[in-house]
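Structure first, then comments.
Numbering of residues begins at 1 and proceeds along the displayed sequence.
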Amino acid sequence: MADPKGFLTTGREVAKTRPVGERVKDWNEVYVPGSLLPIISKQAGRCMDCGIPFCHNGCPLGNLIPEWNDYAYREDWSAASERLHATNNFPEFTGRLCPAPCEAACVLGINQPAVTIKNVEVSIIDKAWDGGDVRPQIPERLSGKTVAVIGSGPAGLAAAQQLTRAGHTVVVYERADRIGGLLRYGIPEFKMEKRHINRRIEQMRAEGTKFRTGIEIGRDLTATDLRKRFDAVVVAAGATTARDLPVPGRELKGIHQAMEYLPLANKVVEGDFVASPISAEGKHVVVIGGGDTGADCVGTAHRQGAASVTQLEIMPRPGEERAANQPWPTFPMLYKVTSAHEEGGERVYSVSTTHFEGDEDGNVQFLHLVEVEFVDGKLTQKPGTERKIPAQLVTLAMGFTGTDVENGLVAQFGLALDERGNIARDADFATNVDGVFVAGDAGRGQSLIVWAIAEGRSAARGVDRYLTGASSLPAPIRPTDRALTV
């Protein structure tokens, strides 16, 4: 145990953010660099090293949280890094992007603010990079087997790294021009600077993983060609089919899916554009969808100089405390103020879009909405609550419905889909096609980054066993596992 009285004597402190007026003028991460290290050891000391650490249950990776909390408290950063990497290939990603179901399951959180597990995690890995503790793990021998991984998001990268370290020759195919999937082009720079991805890619290259960008399987390279070249294939293409909003006026110019809007802002930071082809500058922006992707659109619009930003959510405003029907250690639906929300804008709950209104040139100008409520378990419009708000740029951030089936990948492989439109798989993450496996959102559906990495690690075990007859790789989850709910 770290500090036996830490949870009694030390209050919760989190990473400090830069002033709003400063950070909205750039694309750097919102946190004050180095602000965690002076406080993080004491924060790690708040961990009680519970007899049954429910944080393990909250995290699908099975992170050894009390162990690396103890090492962080003692400032043994090398040991903390070793424990952190024992279960997680990319803790600098999860430490910045995961909504931390581990903290929701923290035993201390029953009647006190939970341990700042995410902050401890990101402090450990940043210290490990600075101290040279993150090094390539080159396999001692090669198996002679080859594996193609389709998609370079967190699931694909985790599967590729595990299989490379097991001695297989792995090639990762990415249809975008850079590696990273939604980590690269779906997550704004102010949430995670892309240098964190770049140095992981260099580590993986040093280990032997090969990367091919600008190649879309199904269009640029057929499934037949891929199966001829490789002994096994891992489909980690994500759930990229966005949910649309089929209301009158949807065809107007200025209405875009979030994943049409956000990648362009990232490309500006990468130096591909001087200014985004879809910019919020000087416009009244409406973001439809109250989740993390919607918040990303809000923060991006602020940095582009929007005249106003309004975020709409069809569900009621969540409470600030756990609801009785969401008891510990489940992940509660709480009112969350992200860094993007701190920067301004309006959030409107319990409303539904009825139609869009445009000008004579076909550009969206107004969004018409109506208040809604639940009546007998059904979402119903409230008469007399219709109104319109200015909207010159609208982003749709309403989630995803499944993997892309239009590019031919699913049909060319002959992959079976489950009832939710995801690629079906068995207990080893194998599809109905021999030698073809699936990991991440393509098989699970839209989920969190920790589940994606856990899927990649688990699928890698299935592939390794298929290729060699046995495997010592860890498999933290089963395909049927789900987050703890009520």
Would you say the side chain of [Y] lies within less than 4.5 Å of the side chain of [X], judging by non-hydrogen atoms?
X	Y	result
I125	V134	yes
F93	V450	no
V24	F190	no
V14	K118	no
L157	N89	no
L396	Y261	no
L334	Q326	no
P476	S458	yes

Ignoring hydrogens and angles, tell me if any N or O in the side chain of [X] forms a donor-acceptor pair with the backbone of [Y] under 3.5 Å.
X	Y	value
D296	P188	no
R457	T87	yes
Q43	E13	yes
R83	W68	no
R12	A114	yes
N266	I187	yes
T403	A239	no
S41	E75	no
W328	C106	yes
H56	N63	yes

Does a sphere of radius 6.0 Å around [atom1] in [X] hold more than 12 heavy atoms from other residues, nucleotides or ligands, not counting ones at 6.0 Å or beyond?
X	atom1	value
Y31	OH	no
I52	CD1	no
K42	NZ	no
Y71	OH	no
R420	CZ	no

Taking the basic N atoms (NZ, or NE/NH1/NH2) and the acidic carboxylate oxygens, is any pair closer than 4.0 Å for [X] and [Y]?
X	Y	result
R184	E174	no
D126	R96	yes
E207	R165	yes
E270	R178	yes
E202	R205	yes
E189	R303	no

Restricting to non-hydrogen atoms, name the atom on [X] and the atom on [Y] that form the minimum distance, rounded to 0.1 Å.
X	Y	value
L473	A166	CD1-CB, 4.2 Å
V107	F54	CG2-CD1, 4.0 Å
D26	E22	OD2-O, 3.8 Å
V285	A280	CG2-CB, 3.6 Å
D231	G144	OD2-O, 4.1 Å
G440	E455	N-OE1, 3.0 Å

Nearest 0.5 Å please: distance from the [atom1] atom of [X] over to the [atom2] atom of [Y].
X	Y	atom1	atom2	result
R212	I217	CZ	CD1	11.5 Å
T240	D404	OG1	CG	4.5 Å
T209	R200	OG1	CZ	12.0 Å
R478	D481	CZ	CG	4.5 Å
I117	N69	CD1	CG	6.5 Å
L84	W77	CG	CH2	11.0 Å

Checking [Y] against [X]: is there a side-chain donor and acceptor pair closer than 3.5 Å?
X	Y	answer
S78	D133	yes
Q161	Q203	yes
H196	E29	yes
T10	D3	no

Task: Residue among T213, V172, L183 satisfying side-chain contact (heavy atoms from CB on, under 4.5 Å) with S152 - done: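 Checked T213, V172, L183 against S152; only one passes side-chain contact (heavy atoms from CB on, under 4.5 Å): V172.
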